[in-house]
Amino acid sequence: MSHVLQSYKAAWQFLIRHKWIISLLYGFNLVFALLAIGPFNSYIENIFANSDTINTLANQFDYSIIMDVVNEYGIGIGMTFSALFSYFIMYVLWSTFATAGFLGMYQKSLIKGHSKIKEFWSSGITFFFKFLRLNIYIILIYVIVIALMAVFFMKDGLDVFKMESEVALISRFWMLLFLLFVLGFFISIFRDVARSNIIISNPKYIHKTNLQSLKSTLRLRHISLSLINLIFLAIICLIFYTLKGIEAVWLSFLISQFYLVFRLCYRVVRGCSFLEVTQ
Amino acid sequence: MFKIIAITLIFTFCFHVCSAQDEALSNRVANYDMDIYLDIEQKKLDASTQLIWKNISMDTITELYFHLYYNAFRNSESTFFKERGVPAWLTKDIDEECGWGWSNITNFKDALGNDLTGNMQFVHPDDDNKDDRSVLMVPLEIPLLPGQAHVFNFQWQAKIPKTMPRTGYNKDFFFFAQWFPKVGVYEPAGMRFSKDGQWNCHQYHSSGEYYADFGNYDVKMNVPQDFVVASSGELKGQTKKGDRKTWQFKGHDIIDFTWTCSPHYVINEDSYKHTKIQLYTYPYKDHFKSRYFSTIKFCMQFLDEHLGVYPYNTLSIVDPPIHGMFTGGMEYPTLITSLSFCFFPKGIKTPETLVVHEFIHQYFMQMVATHEVEETWMDEGITSYYEGRILDAFMGEHTSTINVLGVKCGNKEFNRAEFFGSGNETIAPNSIKSWNYKHGGYGDIAYNKTALWLQTLEGMIGLELMDKIMKEYFQTWKFKHPSRNDFIKIFNDMVVAELPGKFPDGMDWYFSQVLYGTDVCDYKIRSISNDENQSPRGFLSNLEDCSTVEDEHKKYKNRVVVERAEGIKVPVDIELTFEGGIKKLYNWDGQNRSYDITLHSDKKVINAKVDPDFKVMLDKNFINNSLSREKQSNGIKSLLKKVMTSLQHIMESVTLLI
């Protein structure tokens with residue numbers, strides 16, 4: 001357990017020493033969000049620029065206005081969402097690159113005791129495709145898990161006229177949702193262990209490494225480390241949701257940005273701590 | 001001679017029967033005494049009916065017309081099936097278990113014992129579909145003279161359909177709506193649109209509902225002992241015999257009779273004034289009872305205060321199980337059905353919406369017994385209008401339909417969005433018969449459009465007068481059969497009396513647009529300009545001096561142009577805001593395609609709004625109702641900030657997963 005805590009602490013120390021990583025991740029997140037919102041901005045300005053209704057919509061969810069937009073100006077919605085989706089995909093690719101970058105850098109610092117910025121970029125390039133492949137596998141795992149759950153959910157059919165009541169269906173839904181969370185917890189551990197193993201051994205093909213990682217997913221130290229990381233995430237989520245009611249526009253914007261920064265910290269610390277524990 | 005004596009005796013007997021009840025609220029034209037045997041194995045009803053029918057016209061009646069609604073489910077060739085086809089999901093296993101249904105009169109006699117069975121024939125007044133058997137004509141041997149009431153006895157059987165719209169069985173849940181041979185309505189000359197006396201008895205159509213006369217019902221249902229019966233009317237007794245139980249219900253001054261039974265019903269009770277409210281639900285949905293009771297009592301109080309008293313001693317609310325959901329959300333005299341699922345959170349207001357909507361029907365279609373087939377808007381539309389008002393009053397505006405996780409929507413907005421999002425805004429006028437909505441739009445026009453134009457009407461004449469007129473309409477026409485002309489007449493008379501300056505010619509101009517027309521409505525602010533005022537110049541006073549008059553004048557010439565972008569014309573308010581926040585209100589009759597307000601002032605107009613209070617709910621686009629000189633950059637920035645931060649977090653959340 002002390003090794004786990006030590007790893008977690010070391011990951012934070014690394015992050016504090018390399019604050020620029022967070023700046024970089026945050027900067028890219030902000031840039032992608034700004035780029036993604038561009039078409040939406042034009043679209044909104046086109047509809048609302050001189051109408052008072054924008055103020056209503058800015059202050060609260062308003063079904064009337066949203067439906068008037070859909071009914072009267074709906075043609076632009078599809079295009080706007082397509083643009084959003086493209087930037088979304090690009091962000092996922094960037095995140096894959098960045099994760100490979102900071103993990104490779106951390107690995108170097110563990111070996112040499114120090115690291116350089118260029119190692120972030122070189123590691124990103126080295127491990128990007130391997131991490132991307134791992135991401136695809138994880139997506140496939142989720143797809144398979146969700147498909148299996150859907151099959152189980154519908155095992156007695158969804159014909160309402162054949163059901164005695166909806167109670168069984170709802171109980172099954174909650175049970176599967178819980179199961180999905182549990183599986184998600186272990187899939188995340190597998191992902192972090194697999195990433196660590198890829199960084200450590202830099203294999204040509206990742207299948208073997210993945211199988212090794214799968215075997216060590218259920219190790220106590222991995223589970224404990226994941227829990228410690230999740231506790232941190234839960235605390236920052238709780239703080240954010242407590243402060244969410246603040247109505248001042250700029251203050252609420254700042255709070256949500258801080259929240260995002262802490263979430264980015266969580267991502268870096270989680271990855272680094274798993275790497276150290278897996279060493 | 002014998003016949004004359006017999007007829008006189010029958011008439012005297014019937015008159016006695018009809019008037020021996022408690023004080024009549026209606027003319028009690030069609031009175032039924034029925035004995036029903038439910039065979040749950042064969043899914044059949046065996047029944048005998050004694051009908052006392054009163055001829056309230058000045059005509060001699062030589063035949064009776066009956067609705068045999070269950071014959072709409074006899075086969076796929078009925079008008080009901082041919083018009084729309086019953087949705088496939090509802091009847092997909094109908095052939096596997098032969099879920100088809102029928103109704104068959106095996107023996108029909110008048111009070112003298114004349115057997116009329118052989119002369120009965122199916123007729124098809126609406127579409128000449130010879131395969132449709134939903135209307136039966138029975139020629140009489142003894143005609144009914146004006147004012148006479150005759151007794152008719154008939155035995156009949158019905159095969160109960162499986163999961164058909166609004167009625168049938170599934171598993172051990174049974175729901176009987178439009179289940180018995182029901183006499184049509186004889187409309188004497190002058191009633192509704194009738195020029196000469198005529199029977200009004202339409203075939204069963206897939207869109208639209210029902211129309212029947214008032215009367216008293218005494219119904220005995222013999223069902224398995226463990227079954228609980230919920231029914232129209234009041235429970236008068238239960239008798240056990242072997243493994244069967246007979247439940248007796250009596251209803252007075254009602255236009256229909258509906259019942260349901262299941263061994264699983266649990267009953268909860270509450271009351272409002274003299275009315276006992278009973279909720280029949282399934283055990284796993286029992287937690288909805290407080291939501292149902294609080295809503296229905298508020299609704300009863302609202303209608304009590306705004307229209308008039310609910311005169312019946314009972315109200316039964318049935319919340320069917322999931323396998324009986326084909327019967328949910330319907331209205332019958334003193335019995336309504338809702339629909340809920342056990343997982344509905346508090347913020348999903350479907351149970352409240354349904355129970356309110358169906359209860360309002362006790363007023364509009366049950367007491368004010370309009371023709372639901374010929375003039376659907378008069379029950380569904382008026383009901384939708386009150387639904388919005390009551391739910392908003394009970395649960396707050398903008399939250400009365402959905403209030404979950406920050407997503408909020410009020411009933412009125414929901415109906416408005418449903419209408420304008422339907423694509424059916426102009427497909428048909430409100431005035432057509434229900435089965436003439438051949439290409440869609442029945443629900444959108446009859447329910448939502450009517451609610452919108454009634455809300456707009458309320459905005460024009462004011463809430464107070466609207467309430468006064470609707471109360472007058474209800475009080476004048478309760479326990480009668482009004483048509484749209486009667487509705488319009490009351491509006492015209494009272495609007496002219498109360499608002500002679502504003503609407504001296506009544507409201508025909510409005511009804512002709514919204515009821516008979518298909519236009520939509522959109523008023524928008526087209527432009528705002530504030531030009532520097534020019535002094536008068538040129539040859540002003542004579543042909544010698546070409547000059548400029550330097551007199552004191554206002555600094556700006558303000559001009560606001562308002563446009564009527566669509567067809568409907570209604571008067572609208574226009575609010576102008578000047579620099580410094582001063583507001584001025586103007587009125588426009590809304591007739592021309594465009595209109596301008598031109599002023600001379602020392603301040604610029606910075607904002608203009610047409611219909612600033614959103615009284616014209618028929619307006620299809622509220623976004624263009626206002627125009628500001630300056631861009632609303634604060635609002636846009638604020639919205640973009642919200643969208644952007646959400647996007648940032650969503651992007652980061654995905655990387656959390658993979």
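Just so we're on the same page: letters track the sequence lines, and every chain starts at 1. Keep in mind that this is a model prediction, so the values were computed, not measured.
- Atoms CZ and OG, on B:Arg416 and A:Ser64 in that order, are 5.5 Å from each other to the nearest 0.5 Å.
- Under a cut-off of 6.0 angstrom, the local environment of CE in A:Met79 is sparse, with at most 12 non-hydrogen atoms contributed by other residues, nucleotides or ligands.
- No more than 12 heavy atoms of other residues, nucleotides or ligands lie within 6.0 Å of CZ in A:Phe262, so this atom counts as exposed by the packing criterion.
- Under the 3.5 Å distance criterion, the side-chain polar atoms of A:Asp52 are left unmatched by any main-chain donor or acceptor of B:Ser626.
- Comparing B:His264, B:Lys285, B:Lys642 by how many heavy-atom pairs each has under 4.5 Å with chain A, the most go to B:Lys642.
- Contact of B:Val407 with chain A is made through backbone and side chain together, with heavy-atom distances under 4.5 Å.
- Side-chain atoms of A:Glu166 come within 3.5 Å of backbone atoms of B:Cys342 as a donor-acceptor pair (strictly under, hydrogens ignored).
- Contacts of A:Arg263 with chain B are made by both backbone and side-chain atoms, with heavy-atom separations under 4.5 Å.
- The structure places CG of A:Asn29 at 8.5 Å from CE of B:Met644, a figure rounded to the nearest 0.5 Å.
- Heavy-atom pairs under 4.5 Å with chain B were tallied for A:Trp250, A:Phe173, A:Tyr142; the largest tally goes to A:Trp250.
- Residue B:Phe414 touches chain A through both its backbone and its side chain, counting heavy-atom pairs closer than 4.5 Å.
- Both the backbone and the side chain of B:Lys620 have a heavy atom closer than 4.5 Å to some heavy atom of chain A.
- To the nearest 0.5 Å, atom CD1 of residue A:Ile37 and atom OG1 of residue B:Thr645 are 8.0 Å apart.
- Per-residue heavy-atom pair counts under 4.5 Å with chain B were compared for A:Asn135, A:Leu260, A:Ile138, A:Thr53, and the maximum is reached by A:Leu260.
- How far CD1 of A:Ile65 is from CD of B:Glu413: 10.0 Å, rounded to the nearest 0.5 Å.
- You'll find the side chain of A:Tyr91 stays beyond 4.5 Å of the side chain of B:Val654, heavy atoms only.
- More than 12 heavy atoms of other residues, nucleotides or ligands sit less than 6.0 Å from atom NZ of A:Lys130.
- Side-chain atoms of B:Asn624 and A:Ser51 form no donor-acceptor pair, as typed in the model, at a separation below 3.5 Å.
- Both the backbone and the side chain of A:Asn41 come within contact range of chain B, judged by heavy atoms closer than 4.5 Å.
- Your options are A:Ile187, A:Ile47, A:Leu233, A:Asp159, and the one with the most heavy-atom pairs under 4.5 Å with chain B is A:Asp159.
- Neither the backbone nor the side chain of B:Ile528 comes within contact range of chain A, judged by heavy atoms closer than 4.5 Å.
- Proximity to chain B is limited to the side chain of A:Ile170, based on heavy atoms less than 4.5 angstrom apart.
- For chain A, the nearby parts of B:Phe326 are the backbone and the side chain; heavy atoms of each come within less than 4.5 Å.
- In this structure, the portion of B:Asn607 lying under 4.5 Å from any heavy atom of chain A is its side chain and not its backbone.
- With a 4.5 Å cut-off on non-hydrogen atoms, B:Leu647 touches chain A through its side chain but not through its backbone.
- With a 4.5 angstrom heavy-atom cutoff, A:Tyr259 touches chain B via backbone and side-chain atoms both.
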Carefully, step by step, assess A:Met67 and B:Glu418 under the rule side-chain contact (heavy atoms from CB on, under 4.5 Å).
-> CA-CA 9 Å; A:Met67 288 314 291; B:Glu418 210 172 28; over 6 Å; no

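- Side-chain atoms of A:Asn50 do not come within 3.5 Å of backbone N or O of B:Leu627 as any donor-acceptor pair.
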side-chain contact (heavy atoms from CB on, under 4.5 Å) between B:Ile322 and A:Phe161: does it pass, once the steps are laid out?
-> CA-CA 7 Å; B:Ile322 191 166; A:Phe161 294 134; over 6 Å; no

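- Judged purely by atom type and a 3.5 angstrom limit, A:Asp68 has no side-chain atom pairing as donor or acceptor with the backbone of B:Asn621.
- In this view, B:Lys349 satisfies the side chain to side chain donor-acceptor pair (under 3.5 Å) rule with no residue, not counting sequence neighbours.
- Looking only at distances, no side-chain donor or acceptor of B:Lys631 sits under 3.5 Å from a matching main-chain atom of A:Glu45.
- Neither the backbone nor the side chain of B:Thr401 comes within less than 4.5 Å of any heavy atom in chain A.
- Using a 4.5 Å cut-off between heavy atoms, A:Tyr26 touches chain B through its side chain atoms alone.
- Neither the backbone nor the side chain of B:Lys412 comes within contact range of chain A; no heavy atoms are under 4.5 Å apart.
- In this structure, chain B has heavy atoms under 4.5 Å from both the backbone and the side chain of A:Val69.
- In the model, A:Asn55 has a side-chain atom that pairs as donor or acceptor with a side-chain atom of B:Gln632 under 3.5 Å.
- Residue-environment remark: CZ (A:Arg133) exceeds the threshold of 12 foreign heavy atoms within 6.0 Å.
- Contact count against chain B (heavy-atom pairs under 4.5 Å) is highest for A:Val167 among A:Val167, A:Ile141, A:Leu169.
- Counting heavy atoms from C-beta outward, B:Met651 and A:Phe32 have side chains that approach closer than 4.5 Å.
- Within the 3.5 Å criterion, the main-chain N or O of A:Tyr63 finds no donor-acceptor partner in the side chain of B:His398.
- Remark: the backbone N or O of A:Met163 is paired with a side-chain donor or acceptor of B:His323 at under 3.5 angstrom.
- Using a 4.5 Å cut-off between heavy atoms, B:Thr163 touches chain A through its side chain atoms alone.
- The closest side-chain heavy-atom distance from B:Leu640 to A:Phe40 is below 4.5 Å.
- Neither the backbone nor the side chain of B:Ile525 comes within contact range of chain A, judged by heavy atoms closer than 4.5 Å.
- For A:Glu72, the part lying under 4.5 angstrom from a heavy atom of chain B is the side chain only.
- Counting only heavy atoms from C-beta outward, the side chains of B:Leu656 and A:Arg267 never approach each other to under 4.5 Å.
- Proximity of B:Asn170 to A:Lys162: side-chain heavy atoms (C-beta onward) are nowhere separated by under 4.5 Å.
- Atoms NZ and OG, from B:Lys641 and A:Ser252 in turn, are 8.0 Å apart once rounded to the nearest 0.5 Å.
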